[in-house]
Structure formats: C-alpha cells, structure tokens
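The block underneath contains the structure these notes are about, expressed in structure tokens.
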Protein chains: 2
Amino acid sequence: MAAGPQNVRRMPRAQRREQILDAATRAFARTGYVATGLDGVTAEAGVTSVLLYRHFDSKADLYRAVLDRACARLEATVGSSDFDEGSISALLRAAAEDPDGFRLLFRHAAREPDFRDVVDGIRAMSAEVTRRELAAVIPEGPWLDWAVQYVPTVTLEAVIAWLDAGQPDPDQAADRIALVVHSAIRAANSVD
Amino acid sequence: MAAGPQNVRRMPRAQRREQILDAATRAFARTGYVATGLDGVTAEAGVTSVLLYRHFDSKADLYRAVLDRACARLEATVGSSDFDEGSISALLRAAAEDPDGFRLLFRHAAREPDFRDVVDGIRAMSAEVTRRELAAVIPEGPWLDWAVQYVPTVTLEAVIAWLDAGQPDPDQAADRIALVVHSAIRAANSVD
DNA sequence: AGCTTTGTTTAAGTCAACTTATACAAGATG
DNA sequence: CATCTTGTATAAGTTGACTTAAACAAAGCT
C-alpha cells in the first residue's frame with residue numbers, strides 16, 4: 001500500500017532545519033537530553049525520523065546544534081555587557097526572546113555531563129566577571145567563593161522564575177532582581 | 001581458573017544494604033540517575049552487580065530506596081519546623097548531615113521526570129507553606145507567583161552553594177541566607 | 001518531460017545498559 | 001560437619017532507543 005503522503009508541507013532545506021531546531025528546542029526544554037526521545041522531537045516537529053537524520057547526523061549532533069544556537073542568541077542579546085545594572089535587563093530581554101532555549105541551557109544542559117561544556121563557556125566567563133566584581137567588595141575567603149557561585153545562580157533562577165510567572169512588568173523586573181542580587185552580595189560580606 | 005576471592009569482606013545483610021545505599025548516594029549524586037551506570041555504583045560500593053541485585057530488584061528500585069532514605073533523613077532533621085527563622089538553620093543542619101543526599105535530591109531528582117514525585121512531596125508542602133506566608137505580605141498577582149517559586153529555590157541554592165563552599169560559619173550561615181530570602185520577598189513586594 | 005530535492009512508509013540493524021543464569025568459594029552457625 | 005548465607009566470576013539474555021536501508025510519491029525547477 002504505502003499510502004503516499006497527502007498534504008506534505010515542503011520547505012527549502014535551510015528553513016526546515018530552523019523549524020526542526022525550533023521544535024527540538026521546545027521538546028528538549030521539557031525534559032532534557034536523555035529523557036527526551038527522538039519521538040518527542042519528531043512529534044513536536046511534525047516530521048519523520050528519517051528526515052531528521054537527513055539534517056543531523058545523530059541525536060547528539062542535533063542537541064549540540066540546538067544548544068549552540070541558543071547560546072549564540074543569548075550572547076547576541078546580552079552581548080558584552082559587563083556585570084553592571086544593564087546586564088540583568090539584557091538577560092531578561094534574552095530570556096523573553098527565547099524562553100525555551102534559555103530554560104534548556106540553564107535548567108538542563110548545565111547539569112548534563114556530556115554537554116555542560118557548552119554552557120560552561122558562558123558560565124566561566126560569567127564567573128570570572130563575577131569574581132572580579134565581588135573581590136573588590138568581599139574579603140577573600142569561603143564566603144567569597146560562596147557568593148561567586150551563588151550570585152549567578154540567584155540571577156538566573158530569578159529570570160527563570162520570572163519566565164514561569166508570565167514575564168510580568170518587564171521594566172521593573174530588572175530592578176527587583178537587582179535588589180536580590182545586591183542583597184546576596186551584602187549577605188556574603190557580613191551579617192548585619 | 002575462577003580464582004576464588006581472597007579477602008572477602010562479609011557483612012550482615014542489613015549492614016551491607018546500608019553500605020550500598022551510601023555508595024549509591026555518592027555515585028548518583030555526581031551525575032544523576034540516567035548518566036550513572038550500575039558500574040558506577042558497584043565500583044563505588046566495591047561489590048559485584050550480582051550482589052547488588054540480591055539487595056535491590058532493579059536500578060530504579062535502588063534509586064528510589066536512595067531517594068526515600070535521603071528524604072526521610074531530611075524530614076527527620078527539618079521536621080515540622082514551619083517556615084520561620086529556625087527552618088533555614090534546620091535545613092543547613094540536614095544538608096551538613098547528608099550532603100550527597102541533599103544535592104542528589106535537589107540538583108538531580110527534582111529534574112528527573114520519573115522521580116520528581118519523591119521530591120514533589122517536600123516541594124508541594126514547602127510551596128504551600130511559602131504561599132501562605134507570602135500571601136500575608138505580597139498582594140495577589142504574578143509577583144506573588146514569582147516569589148512562591150523563587151523563594152524556595154533561593155533558599156535551596158544558597159544551601160547547596162554553602163555546601164560547595166565548604167560549610168563555612170555554620171552559625172552565621174542561616175542569618176546570611178535569611179537576609180537574601182527576605183530581600184527576595186521584599187523584591188516581590190515592591191520596587192524601592 | 002526529466003532530474004533533483006523533499007518527503008513518506010516500513011522494516012531491519014546496532015549497541016549499550018540493564019538483568020538473569022550458572023557455577024563455585026568461603027565464612028558463620030547450630 | 002552440614003547447611004545457610006554472603007560473596008565472586010563469567011557469560012548469556014533482554015530490551016529500548018538510536019540509526020540505516022530500501023522503495024516509493026510528489027513538488028519544483030530547467
């Protein structure tokens with residue numbers, strides 16, 4: 001039989017690739033790399049697995065493409081803004097522009113042994129900047145270490161929670177988050 | 001040949017079970033459920049996989065036992081302390097008593113589709129308490145939702161970062177973390 | 001019209017990781 | 001000392017998920 005496909009949506013190769021990447025981002029954002037089967041991706045994309053393999057060599061290859069793109073978008077939006085006030089609102093803008101990619105990067109990829117290296121690029125840079133900033137305020141010691149790890153986390157989790165809450169008050173959001181971040185720095189410095 | 005085992009350390013069944021659970025907790029704490037092979041567990045425990053299967057029906061069964069024990073310990077230490085000042089220091093005590101279990105629960109299990117239910121028990125209770133506390137301070141709306149999700153996260157991540165920093169100043173730690181938590185609540189409430 | 005590209009369907013191949021089976025060694029215990 | 005339990009070693013079985021293969025249909029361009 002092999003009933004031929006009736007209403008097949010054809011696309012130029014590049015566009016299809018993007019569409020698959022979009023779908024894969026959504027699919028992976030739900031449950032991460034291992035727990036997301038290729039079925040999940042193909043279902044989300046509305047495409048057969050065979051076609052998928054005509055665009056990507058393997059599941060790992062696809063995942064890396066997804067992460068790289070999310071990473072590139074993030075860097076494009078956040079850019080070179082150092083760790084000043086503006087960087088938080090830049091982060092919010094980036095998250096709003098690509099929520100699934102954002103969640104995927106920091107909720108899942110950051111904890112996946114085979115792929116943390118992608119995020120570690122950002123992470124390392126961010127940690128270095130953070131350390132330099134904090135070293136001027138917090139005395140050397142374990143609480144500086146604590147802050148260096150904790151401050152980026154607090155920031156990212158605030159943004160993710162903001163996404164989950166429906167992205168309210170984009171203008172004020174940065175200020176509110178800044179409050180918490182500063183408080184974390186103060187907490188590392190001394191107990192009032 | 002089958003060179004018989006020379007120096008075999010024998011143990012009563014119950015004790016061996018605990019020893020395996022300890023080892024499995026350490027092993028799983030590193031990379032979570034899927035990414036940790038049974039080899040990882042057996043290597044850490046110093047036993048054969050056959051013996052492992054004489055104590056647990058399956059990998060999933062073992063993992064659940066690990067999580068349940070960690071959960072039980074946590075609840076035993078934190079107890080019924082409501083969301084007051086004392087609960088943070090109770091959390092610190094619990095984390096210090098079982099660091100691997102703590103990290104495993106909140107870093108990994110919380111994000112694993114098949115096992116999040118274990119943590120969700122805690123999570124739901126904690127969220128409900130949090131919401132009741134916050135509802136008295138924060139007006140209904142998306143920022144309340146934000147805080148309800150964010151406050152527990154901020155707390156847990158602070159504790160984990162504290163573990164990673166080498167558990168400095170156990171006495172002051174609770175106060176420092178409380179500062180950040182209160183600041184998060186204030187942030188949700190209004191921008192100064 | 002003919003060739004290339006995009007797509008589908010169906011089926012089979014591969015491989016790692018979990019799981020079971022079998023046989024044997026040696027401590028504990030009554 | 002007979003027996004039960006704890007342990008090992010080695011090998012085979014099973015399965016789910018990823019991956020390839022083969023054959024065919026239709027859109028689109030030259």
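Values below: all heavy atoms of this structure, side chains included; hydrogens, waters and symmetry mates excluded. Convention: sequence-line order gives letters A, B, ...; per-chain numbering from 1.
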ask   = Whole Å only: how far is the NZ atom of A/K59 from the P atom of D/dT20?
value = 15 Å
message = Just to verify, what does B/D68 make a side-chain hydrogen bond (donor to acceptor under 3.5 Å, both in side chains) with, not counting sequence neighbours?
response = none
ask   = Below 4.0 angstrom, N of the basic side chain to O of the carboxylate: do A/R103 and A/D164 qualify?
value = yes
key: Interatomic distance, A/D61 CG vs D/dC18 P [rounded to whole Å]   = 14 Å
ask   = Rounded to the nearest Å, what distance is computed from the CD atom of residue B/Q15 to the P atom of nucleotide D/dT6?
value = 12 Å
query = If Ile, Leu, Val, Met, Phe, Trp and Tyr residues are connected whenever their side-chain heavy atoms lie under 4.5 Å apart, and connections chain through other members, are B/L91 and B/L163 in the same group?
reply = yes
task = Is it possible for you to say whether A/V50 and A/L21 belong to one hydrophobic cluster, with membership spreading through side-chain heavy-atom contacts below 4.5 Å?
result = no
Carboxylate-amine/guanidinium contact A/R131 A/D145, below 4.0 Å = yes
task = Mark yes or no for a side-chain to base donor-acceptor pair under 3.5 Å between B/R10 and D/dT5, with no hydrogen or angle criteria applied.
result = yes
message = So, OP1 or OP2 of C/dT5: does either fall under 4.0 Å of a side-chain N or O from A/R16?
response = no
Heavy-atom side-chain proximity of A/V154 to B/Y150 below 4.5 angstrom = yes
inquiry  = Contact list please: residues 46-58 of chain A against DNA chain D, heavy atoms, distance less than 4.0 Å, in numerical order.
reply    = A/V50, A/Y53, A/S58
note = Rounded to whole Å, the CG-C1' distance (A/D39 to D/dC18) equals 10 Å
ask   = Do any of residues 20-38 of chain B sit with a heavy atom less than 4.0 Å from DNA chain D, and if so which?
value = none
query = Just how far, in rounded Å, is C1' of C/dA28 from CE of B/M11?
reply = 16 Å
message = For B/L51 versus B/R16, what's the shortest heavy-atom pair and its separation?
response = CD2-NE, 4.1 Å
task = Could you state the atom-to-atom distance from CD of B/Q19 to C1' of D/dG7 in whole Å?
result = 13 Å
ask   = Are A/V148 and A/I122 co-members of a hydrophobic cluster defined by side-chain heavy atoms under 4.5 Å apart?
value = yes
inquiry  = Assess the residue pair B/H108 and B/Y33 against the criterion (side-chain contact (heavy atoms from CB on, under 4.5 Å)); give the C-alpha distance rounded to whole Å, side-chain angles, the decisive distance to 0.1 Å, and a yes or no.
reply    = CA-CA 8 Å; B/H108 297 285; B/Y33 179 70; over 6 Å; no
